[in-house]
A.B. asks: 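Can you read through this structure? Questions will come right after.
Because the structure is predicted, anything quoted here is derived from the model rather than measured.
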Amino acid sequence: MLIDFPNGDGQYMDEEIIITKAPGSCEMLDDDSRGRVRQQVRSQTYQSAHIKTFENNMNDHVAIGVIFGSKHALGLATMPHRFNVGAFFHITHIWAQLNGLHTVFMFRLQKVNLNEKSWWAPLGSALPPANRDYLKKAPLASCIECQSESPLIYDEGWVCVNHACGAMGRLQGHNSSIPLSFNQDWLNERKRWPTGRMPEQQLAPTFPENINGTTFTTSVAGWKGFICPRCHCCNSRIDWAHQKCIAEGCDYSQKVTHAIQTHLSLLPPHVEEVHGHAIPHNVHRGHVECTKLFLGHWVLLTYKLCENNYVTHFMANRHINGRPGGANDMLLEMQKGDGLGLKRPYMRGQQLTRHYARNFGMPYNYVAAPDSAPFSEAPPAIMTSLNRLTWAGSEAVRGQYYPPRNELLAVGYMESQRMGYHDDGERELDDLVSTWSLGAPAHMEFRIKRSHAHPNLGEESYDPTDEVVMGSDFWQSRQRLNALYRAGHMNAFRLAKREFFDTNRTEIRRLGARNAQVPWCLQLQLSHGDFVVMHGAQIHTSYEHQVIAGGALRYAMTARYVRPHLVDPSERWRGDFTLAPGTQYTGDLDLPIPL
């Protein structure tokens, strides 16, 4: 459990007791006296997953590890780090209380080990008593309406805390509301932890020794983080090839050597390499159209998302991948040394991505110049990837203008990592993006952005000049409406618009709801050696995509063209490169096809 941002009024913390509100049902709102604060906006229910989970933990005596964030307002001591390991606690009481007009549920947690002084205790405070009085309790009373019995929790008087009782929260016949003052006798109560019961896990897990050269290094447990053996700071694993402590004044660093994974070791169970032309397992829905082409050993599947906007999936096989400089060689090459110098980027604040990355070539708005290594310093695997991606892009748009790619983003995925929904629509980039998949399989999903899929449709505010994205809500009906407007048939347009809203008003309201989800319309199953090329401006402005990696290790090499005139002239040299004569990749189209 994380105790960080204040979770509303009515909370408490001392050396051994924490009282906090159940999470959820709050929003950040403006307050005249306190500024922007988290406030209760709806009642909590007893059947919610949060409440039932904590109730089960209380009944089964499950110890809960508590983490203290430095931003919480309950602390008795200054927190040395942003997040700090507290101790094991167990829940002793769960009750309902009024917070304004809303019902909230409160938890009282008590430290499991009462014999050890808490590190967050005030300086100079007394040691824990040698002998505890577990029999001393706060006075009890029963509700005259529901007959349920509960202790005197508040100094202001006894209140019924039964969520199902009509008298819940009433104090001397009137509704009480947080904040109230906690009764000291009740705060001083102590409940004995069951003798011989141990928490399931260690509070501070011991990081395994001798992990180098094992698959543990790319497992979830291996990349999630570690506890510094010197200063005991909790760290995320930021570097692909190092464990480094981020605590101020601590210089702990340990090199991580990964077990070398081959393309065969990363195949899913019961799956073999593709020997002939690959059979696609992609899925497209609704308005998306697909065409198929055989090109040498490649299978090309081109999906039309909307007019002049396509996604092309190049499916490889073992013959293409096994060529010198092919996917098999590149997978091994990328695992050498420090693994391309990949790191987990920060998204905002201290939040890290769930993948590792490094940029090469031309910098742009998403990647600052100092963080983009020039092609002149790039490892051979990067330049080989750029060469092959250039071929895939030019093949996908054959006959169209195609400037050579001058930027490459190398991304590494470990077990259960992913890159969530995003687009590549930065203004510095052109509208063609190509990527090469190496290692474990993955699936890539495309969906219409929510603002385009569920536009704000109102009869009075309807704008017939707005762009209509294929596959969005009522897109065909809206296209017909807008066509009448463009043709100047105003009477027909007004009649058709009125009929459209009369017919679809309920569905428009449902789809416009805040929680309306946008399903994917295209899912690609990517295998080792496959290319994907996205071409078309609307793919980046109206659509977004995500990648969910499978297996223990996967790389994705993504090449783009950064418009030089939008880059600082002093940084453009980073994207310069020259291929040696005769080394330009041509798609392995010379491979013979057996009869």
A.B. asks: Does the Thr257 side chain pair with the main chain of Gly213, one donor and one acceptor, at a distance under 3.5 Å?
C.D. replies: no

A.B. asks: For Ser253 and His242, does a side-chain donor sit closer than 3.5 Å to a side-chain acceptor?
C.D. replies: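 No donor-acceptor contact under 3.5 Å links the two side chains.
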
A.B. asks: Between side-chain atoms of residues 269-276 and protein atoms elsewhere (two or more places apart, or another chain), which donor-acceptor pairs fall under 3.5 Å?
C.D. replies:
residue, atom, partner, partner atom, Å
Glu273, OE2, His263, NE2, 3.2

A.B. asks: Give a yes or no on whether the backbone of Val85 and the side-chain of Trp119 come within a donor-acceptor separation of less than 3.5 Å.
C.D. replies: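 The answer is yes, because a donor-acceptor pair under 3.5 Å joins these two groups.
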
A.B. asks: According to the ring pair (Phe, Tyr, Trp, His ring centres under 6.0 Å) rule, which pairs have a member within residues 408-433, sequence neighbours left out?
C.D. replies: His422-His545

A.B. asks: Output yes when a side-chain donor or acceptor of Asp60 lies under 3.5 Å from a complementary backbone atom of Val62, and no otherwise.
C.D. replies: no

A.B. asks: Does a side-chain N-to-carboxylate-O contact under 4.0 Å join Lys255 and Asp338?
C.D. replies: no

A.B. asks: Which pair of non-hydrogen atoms, one from Ser472 and one from Ile448, has the smallest distance, and what is that distance?
C.D. replies: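 Nearest pair, atom of Ser472 first, then Ile448: N-CD1, 3.6 Å.
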
A.B. asks: Tell me every residue that passes ring pair (Phe, Tyr, Trp, His ring centres under 6.0 Å) with Phe577, counting only those two or more places apart in sequence or in another chain.
C.D. replies: Phe375

A.B. asks: Which atoms form the tightest heavy-atom contact between Pro519 and Arg447, and what is the distance?
C.D. replies: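 Here Pro519 and Arg447 meet closest at O-CB, 3.5 Å.
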
A.B. asks: Is Arg560 salt-bridged to Asp431, cutoff N-O under 4.0 Å?
C.D. replies: no

A.B. asks: Please walk me through it: do Thr435 and Met557 pass side-chain contact (heavy atoms from CB on, under 4.5 Å)?
C.D. replies: CA-CA 5 Å; Thr435 186; Met557 303 290 114; 5.7 Å; no

A.B. asks: Distance check, rounded to the nearest 0.5 Å: His284 atom NE2 versus Leu305 atom CG?
C.D. replies: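 The distance works out to 10.5 Å.
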
A.B. asks: Could you tell me whether a side-chain N or O of Arg237 sits under 3.5 Å from a main-chain N or O of Gly222, the two making a donor and an acceptor?
C.D. replies: yes

A.B. asks: Would you please name every residue forming a salt bridge (charged side-chain N to carboxylate O under 4.0 Å, His left out) with Lys111, sequence neighbours left out?
C.D. replies: none

A.B. asks: Between the main-chain N or O of Pro363 and the side-chain N or O of Arg574, is there a donor-acceptor pair closer than 3.5 Å?
C.D. replies: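 Not confirmed, Arg574 side chain does not pair with Pro363 backbone.
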
A.B. asks: For Asn235, enumerate each residue passing the side chain to side chain contact (heavy atoms under 4.5 Å, CB included) test, keeping only those at least two apart in sequence or located in another chain.
C.D. replies: Phe226, Cys228, Cys233, Cys245, Ile246

A.B. asks: With sequence neighbours left out, what residues match Lys304 under salt bridge (charged side-chain N to carboxylate O under 4.0 Å, His left out)?
C.D. replies: Glu307

A.B. asks: Okay, side chain of Asn387, backbone of Thr583: is any donor-acceptor separation there less than 3.5 Å?
C.D. replies: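 Checking the backbone N and O of Thr583 against the side chain of Asn387, a donor-acceptor pair under 3.5 Å is found.
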
A.B. asks: Would the distance check show the side chain of Arg418 and the main-chain N or O of Ser416 forming a donor-acceptor pair, the cut-off being under 3.5 Å?
C.D. replies: no

A.B. asks: Looking at residues at least two apart in the chain, or sitting in another chain, which of them share a ring pair (Phe, Tyr, Trp, His ring centres under 6.0 Å) with His452?
C.D. replies: none

A.B. asks: Would you call Glu333 and Thr384 a side-chain contact if the rule is heavy atoms closer than 4.5 Å?
C.D. replies: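 No; the side chains remain at least 4.5 Å from each other.
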
A.B. asks: Residues two or more places apart in sequence or in another chain: which of them pass salt bridge (charged side-chain N to carboxylate O under 4.0 Å, His left out) with Glu415?
C.D. replies: none

A.B. asks: Run the ring-centre check on Tyr303 versus Trp520 and record whether the distance is less than 6.0 Å.
C.D. replies: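 That pair fails the under 6.0 Å test.
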
A.B. asks: In the structure I gave you, are the side-chain heavy atoms of Arg563 and Tyr364 within less than 4.5 Å of one another anywhere?
C.D. replies: no

A.B. asks: Report yes if some heavy atom in the side chain of Thr53 is under 4.5 Å from a heavy atom in the side chain of Asn56; otherwise report no.
C.D. replies: no

A.B. asks: Please report the closest heavy-atom contact between Ile260 and Gln335, naming both atoms and the distance.
C.D. replies: CA-OE1, 3.5 Å

A.B. asks: Using only atom types and a distance under 3.5 Å, with no angle test, would you say the side chain of Ser265 pairs donor to acceptor with the backbone of Gln261?
C.D. replies: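 Absent.
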
A.B. asks: So Lys292 and Leu300, do their side chains get closer than 4.5 Å, heavy atoms only?
C.D. replies: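 No, every pair of side-chain atoms sits at 4.5 Å or beyond.
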
A.B. asks: Knowing that exactly one of Tyr310, Tyr543, Phe446 qualifies, which makes a side-chain contact (heavy atoms from CB on, under 4.5 Å) with Met534?
C.D. replies: Phe446

A.B. asks: Under the rule for salt bridge (charged side-chain N to carboxylate O under 4.0 Å, His left out), what residues qualify as partners of Arg344, not counting sequence neighbours?
C.D. replies: none

A.B. asks: Measure centre to centre between the rings of His277 and Phe294, then say whether the value is under 6.0 Å.
C.D. replies: yes

A.B. asks: Working note: Thr218 + Trp223, criterion side-chain contact (heavy atoms from CB on, under 4.5 Å); need CA distance, chi angles, decisive distance, verdict.
C.D. replies: CA-CA 6 Å; Thr218 58; Trp223 67 260; over 6 Å; no

A.B. asks: Mind checking what makes side chain to side chain contact (heavy atoms under 4.5 Å, CB included) contact with Asp568, not counting sequence neighbours?
C.D. replies: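 With sequence neighbours excluded, Asp568 shows a side chain to side chain contact (heavy atoms under 4.5 Å, CB included) to Ser570, Glu571, given in chain and number order.
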
A.B. asks: Do Ile593 and His297 pass the side-chain contact (heavy atoms from CB on, under 4.5 Å) test, and can you show the C-alpha distance, the side-chain angles, and the key distance before you say yes or no?
C.D. replies: CA-CA 7 Å; Ile593 298 179; His297 280 249; 3.9 Å; yes

A.B. asks: Once side chain to side chain contact (heavy atoms under 4.5 Å, CB included) is applied, do any residues pair with Ala396, and if so which ones, sequence neighbours excluded?
C.D. replies: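 So Ala396 forms a side chain to side chain contact (heavy atoms under 4.5 Å, CB included) with Thr312, Phe314, Val533, His535.
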
A.B. asks: For residues Pro403 and Asp430, report the shortest heavy-atom separation together with the two atoms involved.
C.D. replies: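 What the structure gives for the nearest pair is CG-OD2, 4.0 Å.
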
A.B. asks: side-chain contact (heavy atoms from CB on, under 4.5 Å) between Gln584 and Trp391: does it pass, once the steps are laid out?
C.D. replies: CA-CA 8 Å; Gln584 184 175 357; Trp391 171 81; over 6 Å; no

A.B. asks: Would you call Leu266 and Arg554 a side-chain contact if the rule is heavy atoms closer than 4.5 Å?
C.D. replies: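 Contact flag for Leu266/Arg554 side chains = no.
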
A.B. asks: Measuring from Arg197:CZ to Glu200:CD, what's the distance to the nearest 0.5 Å?
C.D. replies: 11.5 Å

A.B. asks: Hey, is Lys449 close enough to Asp423 for a salt bridge, meaning N to O under 4.0 Å?
C.D. replies: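 Counted as a salt bridge, because a side-chain N and a carboxylate O are separated by less than 4.0 Å.
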
A.B. asks: As an exercise, state the distance from CD1 of Ile227 to CD of Gln243, rounded to the nearest 0.5 Å.
C.D. replies: 11.5 Å

A.B. asks: How long is the gap from CG on Asn321 to CG on Asn328, to the nearest 0.5 Å?
C.D. replies: 5.0 Å

A.B. asks: Can you sort out the partners of Ser48 under side chain to side chain contact (heavy atoms under 4.5 Å, CB included), two or more places apart, ordered by chain and number?
C.D. replies: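 Result, side chain to side chain contact (heavy atoms under 4.5 Å, CB included) vs Ser48: Thr45, His50, Ile51.
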
A.B. asks: Are a donor atom and an acceptor atom from the side chains of Asp424 and His540 found within less than 3.5 Å of each other?
C.D. replies: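 Note: Asp424 and His540 side chains miss the donor-acceptor criterion.
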
A.B. asks: Might you point out which heavy atoms bring Ala378 and Met383 nearest each other, and give the distance in Å?
C.D. replies: CB-SD, 4.0 Å

A.B. asks: Within the 4.5 Å heavy-atom criterion, are Asp371 and Asn359 side-chain neighbours or not?
C.D. replies: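 No, every pair of side-chain atoms sits at 4.5 Å or beyond.
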
A.B. asks: Could you check if a side-chain atom of Arg405 sits within less than 4.5 angstrom of a side-chain atom of Leu432, using non-hydrogen atoms only?
C.D. replies: yes

A.B. asks: Indicate yes or no for a side-chain donor-acceptor contact from Asp530 to the backbone of Ser437 under 3.5 Å, with no hydrogens or angles considered.
C.D. replies: no

A.B. asks: I need the Tyr555 OH to Trp436 CH2 distance, nearest 0.5 Å.
C.D. replies: 13.0 Å

A.B. asks: Quick one: pull up CZ in Arg572 and NE2 in His565 and give me the separation to the nearest 0.5 Å.
C.D. replies: 9.0 Å

A.B. asks: With no hydrogens and no angle check, is any side-chain donor or acceptor of Glu116 less than 3.5 Å from a backbone partner on Asn113?
C.D. replies: no

A.B. asks: Any non-hydrogen side-chain atom of Met1 less than 4.5 Å from a side-chain atom of Leu109?
C.D. replies: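 A side-chain contact exists here, since the closest heavy-atom pair is under 4.5 Å.
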
